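Values below: all heavy atoms of this structure, side chains included; hydrogens, waters and symmetry mates excluded. All values derive from a computational prediction rather than experimental measurement. Here is how names work: the chains are called A, B, and so on, in the same order as the sequence lines, proteins then strands, and each is numbered from 1.
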Protein chains: 2
Amino acid sequence: MARAATTSDAFNAIAEPQRREILVLLRGGERPVTDLARNLGMTQPQASKHLRVLREVGLVRVREAGRQRLYGLDAGGLRPVHEWVGGFEQFWSESFDRLDQYVQELKQARQEGSPDDDDQ
Amino acid sequence: MARAATTSDAFNAIAEPQRREILVLLRGGERPVTDLARNLGMTQPQASKHLRVLREVGLVRVREAGRQRLYGLDAGGLRPVHEWVGGFEQFWSESFDRLDQYVQELKQARQEGSPDDDDQ
DNA sequence: CCATCATATGCCCATATGGGAATGCGTCAA
DNA sequence: TTGACGCATTCCCATATGGGCATATGATGG
């Protein structure tokens, strides 16, 4: 096998720097392909290809607008990534002495978060 | 060019499922290569290769222990990933209560970004 | 209906990947 | 010293990538 498909995962999709840049740009609102391409200094076909990957993974969404296709952010797919990485937070917070504080923050985050609670 | 090197980035390193599993296992403490390989159902050479990538990106650390090499987590490198993805949190948390925070970040992003912008 | 703009695709290529298998080493036990 | 163990490295291979370029498809304006 070769490397896993970029479209297999949000993890794989955001492994590409340019795709990350696209997502960041889209945070500012919907944009047509050409606009993205210009702003990121890439050719239109390249932008289209990256957008396709992002679309297949469900990180962006398209909306037809005349002869343009407006791409918009659909960040839901990033949530799993955030959660997975978050599972390591305690390991990069330097002092293990403050483990209790960590737990507190966890609890607090829980209160703020949606009422739905399940843990991994 | 082909795809970016897996060793170029924490983003790229964790794009591989098996590498993610390794990291999760290491959360439980240091482990020798063979142990990891067995636990994850992969061959020893495979484990070694993955560990090498993780090492080069700085996500794991080795410690010589007799004829074993104990690999341990060094999660610091995951922090940037967590932060980057966290920048999208407001977009998947449906509560608009945080709208103000969103606006703030938007402003900040604008300052950082190039002033050049035209619209469709 | 035709010229043009906005996108998506198709091709070709160089590259690095992850898998498999074999092997090179350093370390420890007898 | 010899043999077994633990791990890293090297080769070979199939695959999909991202880049560049040309072109097909669609919608728009005259």
Side-chain angles (χ1 to χ4, degrees), chain A residues 1-23 25-26 29-57 59-72, chain B residues 1-23 25-26 29-72 118-120:
Chain A
M1 249 193 216
R3 211 188 288 197
T6 59
T7 58
S8 60
D9 226 46
F11 283 94
N12 280 277
I14 67 171
E16 161 69 50
Q18 312 222 50
R19 267 185 308 255
R20 255 175 284 153
E21 294 184 40
I22 289 182
L23 292 178
L25 258 191
L26 289 183
E30 295 179 319
R31 297 216 187 198
V33 178
T34 306
D35 192 84
L36 288 168
R38 267 211 350 265
N39 272 280
L40 297 176
M42 55 176 107
T43 68
Q44 173 268 308
Q46 271 181 42
S48 281
K49 285 176 188 174
H50 283 315
L51 286 167
R52 171 170 191 162
V53 173
L54 292 173
R55 214 190 328 159
E56 287 189 31
V57 181
L59 287 176
V60 302
R61 193 186 334 175
V62 212
R63 182 168 67 93
E64 313 274 340
R67 53 179 164 182
Q68 302 192 138
R69 311 195 69 193
L70 296 181
Y71 279 86
Chain B
M1 247 190 218
R3 209 189 291 198
T6 57
T7 59
S8 59
D9 225 50
F11 283 94
N12 279 277
I14 67 171
E16 162 69 48
Q18 311 221 51
R19 263 177 322 246
R20 256 174 283 152
E21 293 183 41
I22 289 182
L23 292 178
L25 258 190
L26 289 184
E30 295 180 320
R31 296 215 188 199
V33 179
T34 306
D35 193 83
L36 288 168
R38 268 208 352 264
N39 272 280
L40 297 177
M42 56 176 106
T43 68
Q44 174 268 309
Q46 272 182 40
S48 282
K49 287 177 189 172
H50 284 315
L51 286 168
R52 171 170 192 162
V53 172
L54 293 173
R55 214 189 329 160
E56 288 188 30
V57 182
L59 287 176
V60 302
R61 189 186 327 181
V62 212
R63 181 167 68 93
E64 313 274 340
R67 53 179 164 182
Q68 303 193 138
R69 311 195 68 195
L70 296 181
Y71 279 86
D118 13 275
D119 10 33
Q120 75 290 20

### Summary
The answer to which of B/Val62 and A/Arg3 contacts DNA chain D further toward the 5' end, by nearest nucleotide, is B/Val62

### Task
Round to the nearest Å and state the distance from B/Arg38 atom CZ to D/dG6 atom P.
10 Å

### Closest-nucleotide ordering on DNA chain C, the 5'-leading residue of A/Arg67 and A/Lys49
A/Arg67

### Query
Taking CD1 from B/Ile14 and C1' from C/dT17, how many angstroms apart are they, rounded to a whole number?
17 Å

### Task
Name the closest nucleotide to the B/Pro45 side chain, picking from D/dG19, D/dT9, C/dT7.
D/dT9

### Task
Could you tell me whether the side chain of A/Glu16 reaches within less than 4.5 Å of the side chain of A/Val53, counting heavy atoms only?
no

### Summary
With B/His50 as partner, the option from B/Arg19, B/Arg55, B/Arg20, B/Glu21 fulfilling side chain to side chain contact (heavy atoms under 4.5 Å, CB included) is B/Arg19

### Task
Quickly work out the A/Arg31 CZ to C/dA6 C1' distance and round it to whole Å.
16 Å

#### Entry: Interatomic distance where CG belongs to B/Asp9 and P belongs to C/dA16 [whole Å]
16 Å

### Summary
Per atom distances to the A/Arg69 side chain, the nearest of C/dT17, D/dA8, C/dA8 is C/dA8

#### Entry: Side-chain donor/acceptor of A/Gln68 to base of D/dA27, under 3.5 Å
no

### Task
Would you mind reporting whether B/Leu36 and B/Leu26 have side-chain heavy atoms less than 4.5 Å apart?
yes

### Query
Closest to the B/Glu16 side chain: D/dA8, C/dA8, C/dG18?
C/dG18

### Message
Tell me if the side-chain of A/Gln44 makes a donor-acceptor pair with the base of C/dA8, cut-off 3.5 Å, by modelled atom types.
### Response
yes

### Message
Looking only at the side chain of B/Thr34 (C-beta and beyond, no hydrogens), which of the listed nucleotides D/dG6, C/dG18, D/dG19 gets closest?
### Response
D/dG6

### Query
Is A/Leu23 close to A/Val60 at the side-chain level, that is, under 4.5 Å between some pair of heavy atoms?
yes

### Task
Specify the separation, in whole Å, of atom CG of B/Leu51 and atom P of C/dG19.
13 Å

